[in-house]
Amino acid sequence: LWILQRLMAQWKERGERCGYDFLLSAAESADIPSVIDVDDKIFQNPVDMEEAIAEYCEAHGQPIPETYGEVVRCVLQSLALRYKQGIDQLNRLLSAPIEQLNIIGGGCRNSLLNRLTAEALGIPVYAGPVEATAIGNILVQPGICLLVRRYMKLRYRNWSQKGSAETYLQDTEDSIYYQTWKAKEKQSEKRFRNILAVELSAAAAYLFFISYSSGWGWNYAAGYMMVA
């Protein structure tokens, strides 16, 4: 949803109305057949995303979106078409076709995109859980911290052994190199524990926030898909 995010940021900079509820409502009632290739280089980082969409449509002989609703509708139905292309490619590689699609993360709150995707794919599309991104971070980041910690311990151990070999000292508790390594190991251990505590606290705070907050608009554009 990079294109939609850029459009919203652009409209916000102009001081124009760009809330998700307003834009999705306008897109629901919009009627425009135009679609764009969301992977085209013209949409990677244009100065003006709205102008880039207009130029693409004009170059391909399609109606140019003029209103907020038409622009958003064009983007969403283009995304749905791209999802269909991706699923078709997967189906050619699988022994059995994909029978349903699960959209998770904040993007699953975009009901219009979910419906357009279901219509394009011709299979059921299920939304949720919204908290999937935060839950994934909680599960993945502790593992990453442990892997980094293990790497650092091996690094300091190799350094200590190298230092001992160079000075013909054995790697014993009396070795200055061993003591230096142990000090660095304790320092890194404390640092990674602090990092892990901050990450888990941030993830927990996020879950708490979304559980008690009624404002989901800012989170519509962040989404992930998984197939089943």
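Excluded from the calculations below are hydrogen atoms, water molecules and symmetry mates; all remaining heavy atoms, backbone and side chain alike, are included. The structure presented is a predicted model; accordingly, all values stated were derived computationally and were not measured.
- In the hydrophobic clustering of ILVMFWY residues, with side-chain heavy atoms under 4.5 Å counting as a link, Val72 and Leu81 come out apart.
- Considering only heavy atoms from C-beta on, Phe43 stays 4.5 Å or farther from Val75 through its side chain.
- The CG atom of Leu7 sits 14.5 Å away from atom NZ of Lys12, with the distance rounded to the nearest 0.5 Å.
- Residues Arg82 and Gln85 form a side-chain contact, since some pair of their non-hydrogen atoms from C-beta on lies under 4.5 Å apart.
- In this structure, Ser25 contributes its side chain and Asp21 its backbone to no donor-acceptor pair below 3.5 Å.
- For the residue pair Ile64 and Ile32, the shortest heavy atom distance occurs at C-CD1, 4.2 Å.
- Checked by atom type and distance alone, the side chain of Glu58 never pairs as donor or acceptor with a backbone atom of Ala54 at under 3.5 Å.
- Annotation for Cys74 and Pro65: closest pair CB-CG, 4.1 Å, computed over non-hydrogen atoms.
- Counting all heavy atoms, side chain and backbone alike, Gln100 lies closest to Asn102 at NE2-OD1, 3.2 Å.
- Proximity of Gln62 to Tyr56: side-chain heavy atoms (C-beta onward) are separated by under 4.5 Å at one or more points.
- Side-chain atoms of Arg6 come within 3.5 Å of backbone N or O of Pro46 as a donor-acceptor pair.
- Within the model, atoms NZ of Lys84 and CG of Leu101 stand 13.0 Å from one another, a figure rounded to the nearest 0.5 Å.
- Using a 4.5 Å heavy-atom cutoff, the side chains of Leu79 and Leu116 are not in contact.
- Remark: the backbone N or O of Val35 is not paired with any side-chain donor or acceptor of Gln77 at under 3.5 angstrom.
- Salt-bridge check for Asp88 with Arg92: failed, with every basic side-chain N at 4.0 Å or more from each acidic carboxylate O.
- Under a cut-off of 6.0 angstrom, the local environment of CD in Glu55 is crowded, with over 12 non-hydrogen atoms contributed by other residues, nucleotides or ligands.
- In this structure the side chain of Glu99 never reaches within 4.5 angstrom of the side chain of Ile123, judged on heavy atoms.
- Separating the CG atom in Asp40 from the CD1 atom in Ile53 is a distance of 11.5 Å, to the nearest 0.5 Å.
- Rounding to the nearest 0.5 Å places CZ of Arg73 at 11.5 Å from OG1 of Thr67.
- Here Glu70 contributes atom CD and Ser34 contributes atom OG; the two are 8.5 Å apart, rounded to the nearest 0.5 Å.
- Annotation for Asp39: atom CG counts as buried by contact number, over 12 foreign heavy atoms lying within 6.0 Å.
- How far CD1 of Ile36 is from OG of Ser78: 4.5 Å, rounded to the nearest 0.5 Å.
- In this structure, Tyr126 is not a member of the same hydrophobic cluster as Leu112, with clusters built from ILVMFWY side-chain heavy atoms closer than 4.5 Å.
- Nearest heavy-atom pair across Asp48 and Glu51 is OD1-N, 2.9 Å.
- Counting heavy atoms from C-beta outward, Ile103 and Leu113 have side chains that stay 4.5 Å or more apart.
- Note: Phe22 and Tyr68 have perpendicular aromatic rings, judged against thresholds of 30 and 60 degrees for the angle between ring planes.
- Annotation for Leu23 and Trp11: closest pair CD2-CZ3, 3.8 Å, computed over non-hydrogen atoms.
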